[in-house]
Amino acid sequence: MVSKVFWILTIFVNFSAIFGQDEFIDCEYFVSLSNEYTCWLAIYNPNGLDNFTDVTGTHLPEKSDDDVQFISIRMIPITPIFPSIICEKFKNLNTLNIHSAGLQTIDDKAFENCKNITILDIYANNMLNRIDENSFIENLELKKLQIKVTNLSSLPENIFKNQHKLENLWLSVNKFIDLPKNIFKPLKNLRTIALNSNLLTTLNPKLLEPLENLEYLNLDDNQFEELPANIFNSFTNLKEIGLNQNKFKVIHSDWFGILPNLQSMYLYTNQIIAIDEKLLDNTGLNELYVLRNVCADKNVHDYSDSKELLRSEFKQCFENYENLFPSKSDD
Ligand SMILES: *[C@@H]1O[C@H](CO)[C@@H](O)[C@H](O)[C@H]1NC(C)=O
Ligand SMILES: *[C@@H]1O[C@H](CO)[C@@H](O)[C@H](O)[C@H]1NC(C)=O
Ligand SMILES: *[C@@H]1O[C@H](CO)[C@@H](O)[C@H](O)[C@H]1NC(C)=O
């Protein structure tokens, strides 16, 4: 009994300590294992104010704001916006890692002064509802950007306008239904893009076309049944593609064209009845994962490492394709 009362009191006191107090932004500073001077950030800002004049916390000896390279989150922050003082104060920041922040909005002031940032990781836990078109306009050095677990159903068309150096873009676990067709146009240097776990049903043929250096493409866990012809055939550097957990019934080789560097394809958990065997002739594929489909369910191996094994392993899928599309298989 005593202990129960004790815990109830403790919880109550802790809650009122947080909810009764004024807004704050606080850093605990330390040098990370990778030798980066780090601000371990706590924010309490339930009303989304952006007029902070101070970030509290004491620097390590001989360190200053200009030395801070890395920010990660110490306490689950409570703030619907990302206060602009953080980028104003830590001008040389290299990595900003904002996760589970309850962010609702990202505006063009949030990252404006983070001019040297190369890695921005926004993992917003389903709250983020709005992101302004100029949110990243000053972040010319970005190499890796992650916008994950949000409530966004699309993104503004010009949002990546200045990300010419971007190599990795992770847009997983959002609620994207569609994306504007020119959104990826500036991303000539992109190597990896993840669009998995969204609600995409179709891809505009122009959408991915500008990504001429793409190596890894993840489209797992969407609602695709069909894709346009030639959709991937300009990706001559493509190594790996993920199409797991969609609604594909037939895999056509004309989605891919001639792709000698394509080595791995993931097709788990679709409703596939047929695959065009020309896929093996036209690409470098030696890893094909097809479990939990109609034509490859229980009696196939999960993994293969040569074209010959793949040909025998998924024979049923290839034969079905010849029967369904005799003219396509002959040309
Ligand atoms: C910030 O704005 C709020 C609400 O308008 C106000 O109450 C507070 O005093 C302001 N803080 C500063 C530091 O100006
Ligand atoms: C950004 O990086 C460049 C070169 O790495 C450096 O000269 C500059 O001082 C850094 N900081 C800002 C705010 O541009
Ligand atoms: C997510 O967006 C939908 C509409 O797009 C809205 O009805 C819902 O309230 C939003 N959820 C949150 C947590 O903001």
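Both counts, for ligands and for their atoms, begin at 1 and track the order of listing. Remember, it's a predicted structure, so these values are computed and weren't measured experimentally.
- Taking the six-membered ring where the residue is Trp, Tyr123 and His99 present perpendicular rings, their angle passing 60° and hence far from 30°.
- Proximity of atom 9 (O) of ligand 1 to the protein is not indicated, since no non-hydrogen protein atom lies closer than 4.0 angstrom.
- Under the 30°/60° scheme for interplanar angles, the aromatic rings of Phe325 and His252 are found to stand perpendicular.
- Inclusion of Asn51 in the set of residues having an N or O under 3.5 Å from an N or O of ligand 1 is warranted.
- Relative orientation of the Tyr29 and Phe90 rings is perpendicular, given thresholds of 30° and 60° on the angle between their planes.
- Ranking protein heavy atoms by distance to atom 4 (C) of ligand 1, first place goes to Leu49 CD2, 4.0 Å.
- Scanning the protein heavy atoms around atom 13 (C) of ligand 3, the nearest turns out to be Asn126 O, 3.7 Å.
- For atom 2 (O) of ligand 3, the closest heavy atom belonging to the protein is Asn151 ND2, 2.4 Å.
- Aromatic ring orientation, Tyr289 versus Tyr268: perpendicular (interplanar angle above 60°, classes split at 30° and 60°).
- Using a 4.0 Å cut-off between a side-chain N of Lys or Arg and a carboxylate O of Asp or Glu, Arg191 and Glu167 do not qualify as a salt bridge.
- The shortest N/O to N/O separation between Asn129 and ligand 3 falls below 3.5 Å.
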